[in-house]
Amino acid sequence: PNASIFNNILAALDKAGPPEAVLAWLAKMRAAVPVTTTAANIALKAHLQRRDFGAAAELLRSMMKRAAGADYPPPPNEMSFNTVISALGDAAQPERAESVLS
């Protein structure tokens with residue numbers, strides 16, 4: 001399978017499966033093809049659904065600090081930031097939302 005197929009599987013699991021299934025499929029994706037920003041965003045959402053704010057923030061920080069030439073993690077986009085910041089705001093943790101950007 002290519003990245004597009006993995007993205008579709010992750011999107012389907014995001015809608016109907018448990019967050020753990022998303023993270024398990026992301027591991028399979030990492031072993032097979034480069035992870036896309038779309039896939040990483042779905043993983044961010046899975047961490048947040050598990051209320052694992054630390055894992056989500058760490059993934060986003062890793063995306064921001066991505067080493068040149070590295071396959072994982074992919075670079076973040078606007079959705080990456082919005083997903084984490086919105087979830088932290090909803091969880092009444094605005095200080096953590098602010099710290100994600102620093």
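Index from 1, following the sequence.
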Sequence neighbours excluded, which residues qualify as salt bridge (charged side-chain N to carboxylate O under 4.0 Å, His left out) partners of Arg50?
->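 Once residues adjacent in sequence are excluded, the partners of Arg50 under the salt bridge (charged side-chain N to carboxylate O under 4.0 Å, His left out) criterion are Glu20.
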Who passes side-chain contact (heavy atoms from CB on, under 4.5 Å) against Ile85, sequence neighbours left out?
->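 Only Phe81, Ala97, Leu101 meet the side-chain contact (heavy atoms from CB on, under 4.5 Å) criterion with Ile85.
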Intermediate values then yes/no, side-chain contact (heavy atoms from CB on, under 4.5 Å), Leu13 and Ile9 = CA-CA 6 Å; Leu13 289 170; Ile9 291 168; 3.9 Å; yes
Heavy-atom closest contact ([X] atom, [Y] atom, distance):
X	Y	answer
Val84	Leu48	CA-CD1, 3.9 Å
Met29	Ala39	SD-CB, 3.6 Å
Leu59	Pro73	CD1-CB, 4.2 Å
Val33	Pro1	CG1-O, 3.5 Å
Ala46	Pro19	O-CB, 3.4 Å

Got a second to check how far Thr36's OG1 is from Asn2's CG, nearest 0.5 Å?
->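 Here the interatomic distance stands at 10.5 Å.
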Between atom CG of Leu44 and atom CG of Asp52, what is the distance when rounded to the nearest 0.5 Å?
->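 Separation between the atoms: 11.0 Å.
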Side-chain heavy atoms under 4.5 angstrom apart, residues restricted to Ile, Leu, Val, Met, Phe, Trp, Tyr: same cluster for Met63 and Phe53?
->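 The answer is yes; both residues are in one hydrophobic cluster.
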Knowing that exactly one of Asn77, Asn82, Thr83 qualifies, which makes a side-chain hydrogen bond (donor to acceptor under 3.5 Å, both in side chains) with Asn41?
->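 Only one of Asn77, Asn82, Thr83 forms a side-chain hydrogen bond (donor to acceptor under 3.5 Å, both in side chains) with Asn41, namely Asn77.
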Are any non-hydrogen side-chain atoms of [X] and [Y] less than 4.5 angstrom apart?
X	Y	result
Ser99	Arg61	yes
Pro74	Val35	yes
Met79	Thr37	no
Leu23	His47	yes

Under 6.0 Å from the CD atom of Glu95, do we count more than 12 heavy atoms belonging to anything else shown?
->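 Enclosed.
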